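Here's the structure we're looking at; comments come further down.
Please read all numbers here as calculations on a predicted model, not as lab measurements. No hydrogens, no waters, no symmetry mates; every other heavy atom, side chains included, goes into these values. In each ligand, atom 1 is the first atom listed, and ligand 1 is the first ligand listed.
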Amino acid sequence: MIKVEQKLFQNRYRVDAGRPHISIKQPELCTNSCPEQQCATCCPAGCYVAEGNGKIVLITDGCLECGTCRIICDTHRNVEWDWPRGGFGILFKFG
Ligand code: SF4
Ligand code: SF4
């Protein structure tokens with residue numbers, strides 16, 4: 001039986017250096033008004049990291065383009081979400 005982690009490891013990711021396709025609009029909102037910080041627990045790729053001091057660090061390398069963070073930040077709508085430019089981002093390998 002192949003685990004999900006092993007399947008994900010088969011994917012490849014091309015980083016668009018300096019041009020992340022997702023960003024947090026107002027980081028201070030995360031710190032001051034979002035105690036749940038659900039993005040940090042819901043992102044399957046671990047792109048959002050709660051630093052423990054109220055700050056959220058977002059690194060989009062490895063993003064699976066699932067759209068969860070855009071939906072889960074429903075109260076504050078604090079996520080600016082776009083697809084990566086052509087040729088960048090995740091390359092899914094099936095099989
Ligand atoms: S869910 Fe939205 S507002 Fe809350 S910490 Fe994450 S990005 Fe910030
Ligand atoms: S789109 Fe999915 S994988 Fe990418 S940062 Fe958002 S939750 Fe994580």
So, for Q38 and C34, which heavy atoms are closest and what is the spacing to 0.1 Å?
-> OE1-SG, 3.6 Å

What protein heavy atom is closest to atom 6 (Fe) of ligand 1, reported as residue, atom name and distance in Å?
-> C39 SG, 2.3 Å

Taking all non-hydrogen atoms of both residues into account, name the closest pair between L64 and P44 and its distance.
-> CD1-CG, 3.9 Å

Under 2.8 Å from atom 2 (Fe) of ligand 2, which protein atoms of type N, O or S occur, listed by chain and number?
-> C66 SG

Least distance between heavy atoms, I90 atom then C63 atom | CB-O, 3.7 Å

Listed by chain and number, what are the salt bridge (Lys or Arg N to Asp or Glu O under 4.0 Å) partners of R14, not counting sequence neighbours?
-> none

In the protein, which heavy atom is nearest to atom 4 (Fe) of ligand 1, and how far is it?
-> C34 SG, 2.3 Å

Closest heavy-atom contact between L29 and H76?
-> CD2-ND1, 4.0 Å

Check step by step if side chain to side chain contact (heavy atoms under 4.5 Å, CB included) holds for I56 and V49.
-> CA-CA 6 Å; I56 291 282; V49 176; over 6 Å; no

Any donor and acceptor pair, going by atom type alone, linking the side chain of N78 with main-chain N or O of I24 inside 3.5 Å?
-> no

Please could you name the atoms of ligand 2 that Y48 approaches to less than 4.0 Å, counting only its heavy atoms?
-> 5 (S)

What is the distance from atom CZ of F9 to atom NZ of K93, rounded to the nearest 0.5 Å?
-> 10.5 Å

Considering non-hydrogen atoms only, spot the tightest contact between Q37 and G54 and give its length.
-> NE2-O, 3.0 Å

Can you sort out which atoms of ligand 1 are near I56, meaning under 4.0 Å from one of its heavy atoms?
-> 5 (S)

The protein heavy atom nearest to atom 8 (Fe) of ligand 1 is C30 SG, 2.3 Å

What protein heavy atom is closest to atom 2 (Fe) of ligand 1, reported as residue, atom name and distance in Å?
-> C73 SG, 2.3 Å

